[in-house]
Every structure is written in structure tokens, then in C-alpha cells.
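Here's the structure, in C-alpha cells; my notes come after.
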Amino acid sequence: MIEFDWDALVRALPFLAQGMVLTLELTGLAMVGGIALGTVLAILRLSMPAPVPQIIAGYVNGLRAMPLILVIFWFYLLVPLFLGRPVGAFSSALIAFTMFEAAYYSEIIRAGIQGVPRGQLQAALASGMSYPQAMRYIVLPQAFRAMVPILLTQSIILFQDTSLVYVVGLRDFLTAANIVASRDQRPIEMYLFVAAVYLVLCASASFGVRILQRKSAR
Amino acid sequence: MNYNWNWGILFREPFLGFLISGVQTTLVLALTAWVLAFTLGSVLGVMRTLPNRGVSAVAAVYVEVFRGIPLLVWFFLWFFVVPELLPQTWGRWLKRDLPDPEFWTAVAALGLYTACRVAEQVRAGIQAIPRGQTMAAEASGMNRVQVYRYILLPLGYRRIVPVLTSEFMTIFKNSSLALTIGVMELTAQARQVESFTFQGFEAFTAATVLYVVITLTVTVIMRQVEQRTRIPGLLSAKGT
Amino acid sequence: MIEIDQIDKWYGAHQVLKSCSTAVAKGEVVVVCGPSGSGKSTLIKAVNGLEPIQGGRITVAGEVVGSTNLSRLRARIGMVFQSFELYPHRTVLDNVALAQMVVLKRSRADAVAKADGLLTRVGMIDHRMKFPGQLSGGQQQRVAIARALAMDPIAMLFDEPTSALDPEMINEVLDVMTELALEGMTMMVVTHEMGFARRVAHRVVFMDEGAIVEDRAKDAFFDHPDTDRARAFLSKILHH
């Protein structure tokens with residue numbers, strides 16, 4: 001039988017915790033940025049004349065056709081090229097995740113806006129509101145209320161997806177564990193621990209989303 | 001932007017060969033994993049709809065566990081951890097005697113993970129069928145197996161063709177994670193071209209175009225499936 | 001033929017059937033009526049075990065409706081639903097032939113011959129290759145009756161067969177049912193069609209709040225209802 005060496009895990013905990021901080025930072029920032037950019041994309045796509053909606057559709061569908069790893073590689077290559085100076089892996093990963101997730105968020109938000117009965121927008125416009133006002137005060141609040149559970153579920157996926165920064169050597173939770181695993185030759189303990197932590201966090205988060213969903217369904 | 005363009009590099013050997021073999025590996029990996037995911041996912045999805053609580057709970061736990069852990073972690077678990085936890089002879093077989101262990105590990109990781117997503121769709125598809133259909137089938141004397149075989153599965157699958165399409169596309173994209181355990185699929189080959197030539201822009205463009213082509217092909221094929229399975233008189237499989 | 005003996009059913013704390021007893025003799029047509037929510041649909045679905053009961057017992061042709069013989073019993077009792085419940089992914093012909101083949105194990109040729117005969121009888125033979133979604137409600141319900149008859153039932157159950165129909169289609173369905181009754185089919189019919197009841201029924205069962213309030217010969221029920229509740233129900237349904 002294999003002998004587990006949990007001491008190695010305990011010793012590695014501070015290092016792993018640093019990794020988790022990076023994972024959470026990346027998730028939080030990409031979520032805020034992705035939802036903001038996604039909202040803008042969705043509204044422009046629904047309200048602007050051609051060719052703006054077509055361009056946005058191309059952006060969204062293009063990104064959705066690509067594997068996230070490839071997107072991460074792309075931005076790792078492109079961002080320094082565009083800025084003309086080297087940037088850290090964190091910045092390029094953050095930009096990659098924000099742009100990538102925005103494509104997914106924008107589809108959710110677009111569906112949410114379209115789910116608000118058209119009469120609501122017309123009523124708001126009829127009362128003299130401008131289009132942005134009608135969006136801001138009438139349509140978006142209703143749309144977001146219905147979308148919150150889906151946006152949160154997408155954010156749990158984002159949280160899991162950030163583990164892919166492993167490919168550019170950024171020290172997130174998984175990469176930190178990977179470093180310890182090969183340094184101490186304890187892959188079993190490390191990866192089981194990582195899996196358990198992810199499972200507990202994601203399962204409780206999706207449990208929370210389900211409760212929220214049930215509440216808002218009432 | 002200082003960059004020396006050289007698109008010709010893509011069509012020169014050995015780099016063209018790299019990309020072609022990358023596409024092949026991506027296709028074979030994703031399709032093999034899809035067969036596993038679709039089969040197991042269907043079984044799990046049906047289990048979730050059975051009245052037996054124990055059977056349904058087993059499937060629910062599977063879905064919860066697989067969905068709660070990132071796919072990349074699954075790749076590492078299947079590659080680094082599982083062979084160690086198995087009896088020694090099995091572990092040795094996995095690591096030494098199995099031809100192409102990285103590829104088969106990737107199939108397992110990708111297929112078993114995607115199965116939980118397919119399972120959720122199959123469950124939703126079956127549960128969305130009005131209860132009267134089951135009642136009508138039962139009232140004519142069909143047993144449970146017949147009700148699933150003739151009524152619930154044909155209707156349920158039709159209903160979920162659009163979401164299965166998107167899961168099917170996702171498995172091609174997700175197969176790129178196999179590069180982390182050394183499978184030389186499309187993204188890995190593009191990266192290899194980059195590291196040999198420093199022409200990253202061209203290499204990644206080629207990979208992107210190839211992925212878009214794969215996605216479009218899947219869309220076209222699945223649209224055919226949707227057309228073929230469309231029920232006359234119903235507006236769409238999504239409606240009632 | 002059908003004996004219902006003091007059956008009880010609860011949904012949680014709410015009792016939907018309160019010690020209901022009645023019987024349908026061979027060749028008899030019994031109409032069950034009552035305000036909505038009175039439990040009449042639940043009662044008729046209990047006869048072939050689609051709604052499980054918690055107390056009392058039901059026998060059909062001398063056999064107790066239980067869990068072991070359900071499939072065999074159901075194959076011998078035809079049922080027609082309020083919302084038709086034709087299988088949308090199967091043609092009209094297949095809808096009538098399917099259970100014959102998979103439950104009664106008839107050959108395809110026999111099943112089709114039987115189906116064609118019945119479709120002719122209900123006036124739907126010209127539509128045999130159409131799908132349910134391409135038919136009107138009245139046409140669908142006639143196919144559903146043919147589907148139930150294809151199993152050579154010893155009795156037929158009708159659960160509000162005309163409630164989901166537009167007024168102009170109600171008669172085409174009632175005509176088929178009247179013809180069946182005149183041929184001596186044993187029938188239990190939940191319906192609000194009092195004209196049909198007056199013409200065809202032998203007995204009327206009136207239910208309210210889960211209990212059978214009156215169970216009497218047709219003329220007695222219509223001419224001198226015993227209870228205020230039945231009188232109120234009749235006046236509401238006859239003069240509006």
C-alpha cells in the first residue's frame with residue numbers, strides 16, 4: 001500500500017495559500033471585467049446599426065470557437081507586442097480571461113435582455129425616457145435579476161478555468177501544488193488535496209446558486 | 001510593432017506535418033472521448049430520472065464530483081495519481097505496457113468529465129417531457145424499459161440536440177488540455193511550431209483557423225442531425 | 001368488470017379520494033362528473049394504476065390492480081387522455097401500431113392491418129402517415145381512441161376526452177364514443193358533456209371534494225338529483 005505523507009502537505013500549505021490568493025484575484029478581476037465588457041457588448045449588439053452587431057457577433061463566436069488555452073497563448077504573445085514592452089504573465093492572463101469570459105457573459109446578458117418583455121422597453125420610451133435611460137432603469141434591472149444565477153454559474157466555471165494559467169507558469173493554486181508535487185515527490189497528496197479543495201468550494205458555490213435560484217423563482 | 005512576418009513557414013516541413021498531425025490527434029482524441037462521454041452520460045442521465053433513490057443518488061454524486069473539480073485537475077489526477085493508487089501490476093501496465101498512455105489517459109479524463117455534462121442534459125431532456133406521455137405509454141401496458149426505449153429517449157434526445165451540439169464542440173476545445181500531460185494535439189503542435197520558429201503569430205493563427213473549421217464542421221453536421229430528427233408539425237424540439 | 005372498493009388517496013396531508021366505491025358492469029357505460037378538483041380524474045387513473053392508492057382496492061375482471069400485474073392489466077384496459085398524449089415523434093399509424101407490437105408482440109403486418117381498420121373506423125385513414133403535430137385536436141383524439149382500441153381492450157377509460165377541444169370538434173369525438181357504447185363496450189367516462197351522458201350513459205357517478213356523492217341510474221340522476229350539490233352542479237352546467 002502507498003503511505004501518505006500528510007506532513008509534506010501541511011508544510012506546503014502557506015505556499016498553496018498564496019496560490020489560492022492568486023486564483024481568487026484572477027477570478028474576481030476577470031469576473032468584474034468580463035461582466036462589464038459583456039454588458040457593453042450585449043447592449044451594443046442589440047441597439048447599434050450594422051455593422052456593429054455583426055462585428056460583435058464575430059468577436060463572440062470567434063472566441064467561443066477557440067480553446068481557452070489557445071486564447072491564453074494568444075494574449076501571452078500579443079499583449080507585449082501591442083504594448084511594445086514586456087508585461088507580466090498575470091496581466092496577460094487577466095486580459096485573456098476578461099476578453100474570453102466577456103464573450104460568454106455577453107451571450108447570457110443578451111438572452112437576459114431579450115427575455116424582458118418588449119412592452120417594458122416601449123413603456124419606458126413612451127414615458128419619455130431615452131434609450132440609455134430605459135436600459136438603465138427599466139430593462140437591465142429586470143434582466144439582471146433573472147440572470148444572476150446563470151452569471152454566477154458561469155463565474156464558477158471561470159474559477160475552475162483559471163487553473164489553465166498553469167500553461168504560462170503563473171503560480172495559481174494548481175500550479176503551486178504542481179511545483180510542490182514535483183519538488184517533494186508527493187503528487188498523490190498534493191493533487192488529491194487540490195481536487196478536494198476545488199470540489200468543496202465549487203459544490204458549495206453551486207449549492208448557494210441553487211438556493212438563490214429557488215428564492216428568486218418564488 | 002516589430003515583427004517579421006513569414007506565413008510561408010506554415011507550409012514548410014516539418015512544420016506543416018506538425019500541424020496536420022496535431023489536427024489528427026485532436027480529432028481522434030475528441031471523438032473517442034465523445035463516444036465514452038455520450039454513452040456513460042446517457043446511462044447516468046437516465047439513472048437520474050429513475051424513481052429508485054439509490055440509483056439516482058449514485059448518478060447525482062458522480063455529476064457533482066466531476067463538475068466540482070476543474071478538468072485540468074482531472075487530467076493530473078488520472079495521469080499522476082490514479083496509477084499510484086491502483087494495485088501495482090495495474091499501475092505498471094498503465095504506465096509502461098499500455099501503448100500511448102498519455103493519449104488514453106486524456107481520453108479517460110476528457111470522456112469521464114464530459115459524461116457528467118451530457119448526463120445533466122439527458123436528465124433535463126427527459127424531465128422536460130410532459131408526464132402524460134409516460135402515462136399514455138404505461139396505460140398501453142409498456143414496461144419501464146419500453147417506455148424509455150420508445151418514448152422518453154427518442155423525445156428526450158431530440159429535445160437536447162442543440163445543447164448536445166455545444167457540448168460536442170466543447171469536447172474538441174477541451175481536448176487541448178491534453179497538452180499538459182504531453183499529448184501533441186493541435187494547440188501543442190502550434191506551440192511547438194512557435195518555439196522552433198519564433199513565428200507565434202502565424203502558428204497560432206493557423207491553429208485558430210483550424211479550430212474554427214472544426215467548430216463550423218460540427219455545426220453543419222449537427223444542423224443536419226437536427227433537420228433529420230425534426231418532428232413534422234412541431235415548430236422546434238425546444239418547444240412543447 | 002371494474003370494481004372500486006373504498007379507495008383512499010392522499011397528496012401529503014390533503015385527501016383527494018375519500019373512501020370511494022362504485023362499479024362498472026360488463027357492457028355498462030358510466031359517466032363520472034363533478035366540479036373541477038373533485039377527484040374524478042384521479043379516480044379514473046387509479047383504475048389502471050396510473051395513480052397509486054393508499055387504501056381500499058380495485059379489481060378489474062376479477063384481478064386486483066396491484067404492482068405485479070400492472071403491465072398485463074393495462075394492456076387490456078384502453079385509456080384516452082384529456083390532452084390526447086399521442087407520441088409526437090411517431091406517425092399516426094405508428095401511434096396505433098406501437099404498443100400492439102412491443103406489448104402484445106404482434107407482427108408489424110398484423111399491427112398495421114389492425115391499425116388501418118381502426119383508423120378507417122374513426123375516419124382517420126387518410127391521415128395515417130401524418131404526425132400528430134399536423135392534426136387538429138379532434139383528429140388527434142380520434143387517433144388516440146383508435147390507439148386504445150388497437151389493444152382489444154375489455155374496457156375503456158376516458159379522462160375528459162373533449163375538454164381540450166375547440167367546440168366545433170367535440171362532436172366528432174363524441175360520435176366515435178357513442179358508436180362504441182352502442183356496440184356494447186364497457187366504458188368509464190369522465191366528462192362535462194351532459195348531453196352525451198343523457199344519450200349514452202347507463203349510470204352517472206357524481207363526485208365532489210374527493211367523495212362520491214351520488215351514484216345512480218342516468219334518468220334518476222338527471223330528473224331528481226338527491227343532493228343540493230348535484231343540483232347546483234347540474235344547474236350551473238346546463239344553463240349557462
For the pair A:F159 and A:Y198, evaluate ring pair (Phe, Tyr, Trp, His ring centres under 6.0 Å) and give the outcome as yes or no after the intermediate values. CA-CA 9 Å; A:F159 172 64; A:Y198 270 116; 5.5 Å; yes
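- You'll find the side chain of B:S56 stays beyond 4.5 Å of the side chain of B:L50, heavy atoms only.
- Looking at A:N61, there are no atoms closer than 4.5 Å to chain B (heavy atoms on both sides), in backbone or side chain.
- Interface residue A:S206: only side-chain heavy atoms are found under 4.5 Å from chain B.
- Annotation: side chain of A:R11 is in contact with side chain of A:D7 (closest heavy-atom distance under 4.5 Å).
- Considering only heavy atoms from C-beta on, B:E185 comes within 4.5 Å of B:T187 through its side chain.
- A salt bridge does not link B:E226 with B:R159: none of the charged nitrogens is closer than 4.0 Å to a carboxylate oxygen.
- The greatest number of non-hydrogen atom pairs below 4.5 Å with chain A, out of B:L77, B:V218, B:V212, B:T208, is found for B:T208.
- Ranked by heavy-atom pairs under 4.5 Å with chain B, the first of A:A196, A:A195, A:P187 is A:A195.
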I would like to know whether B:R117 and B:E120 meet salt bridge (Lys or Arg N to Asp or Glu O under 4.0 Å); could you show each step before the answer? CA-CA 5 Å; B:R117 305 173 56 110; B:E120 279 301 272; over 6 Å; no
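- B:R191 touches chain A through its side chain: at least one heavy atom from C-beta onward sits under 4.5 Å away, while N, CA, C and O do not.
- To the nearest 0.5 Å, atoms CZ (A:R214) and CD1 (A:I211) are separated by 6.5 Å.
- Heavy atoms closer than 4.5 Å to chain B are found in both the backbone and the side chain of A:L192.
- Interface remark: A:L164 contributes backbone and side-chain atoms alike to the contact with chain B (heavy atom separation under 4.5 Å).
- In this structure, chain A has heavy atoms under 4.5 Å from both the backbone and the side chain of B:T205.
- The contact between A:L174 and chain B is made entirely by side chain atoms (from C-beta outward), counting heavy-atom distances below 4.5 Å.
- At least one side-chain heavy atom of A:M20 sits under 4.5 Å from a side-chain heavy atom of A:V197.
- For chain B, the nearby part of A:Y166 is the side chain; its heavy atoms alone come within less than 4.5 Å.
- When each of B:T219, B:N174, B:L177 is scored by its heavy-atom pairs under 4.5 Å with chain A, the top score falls to B:L177.
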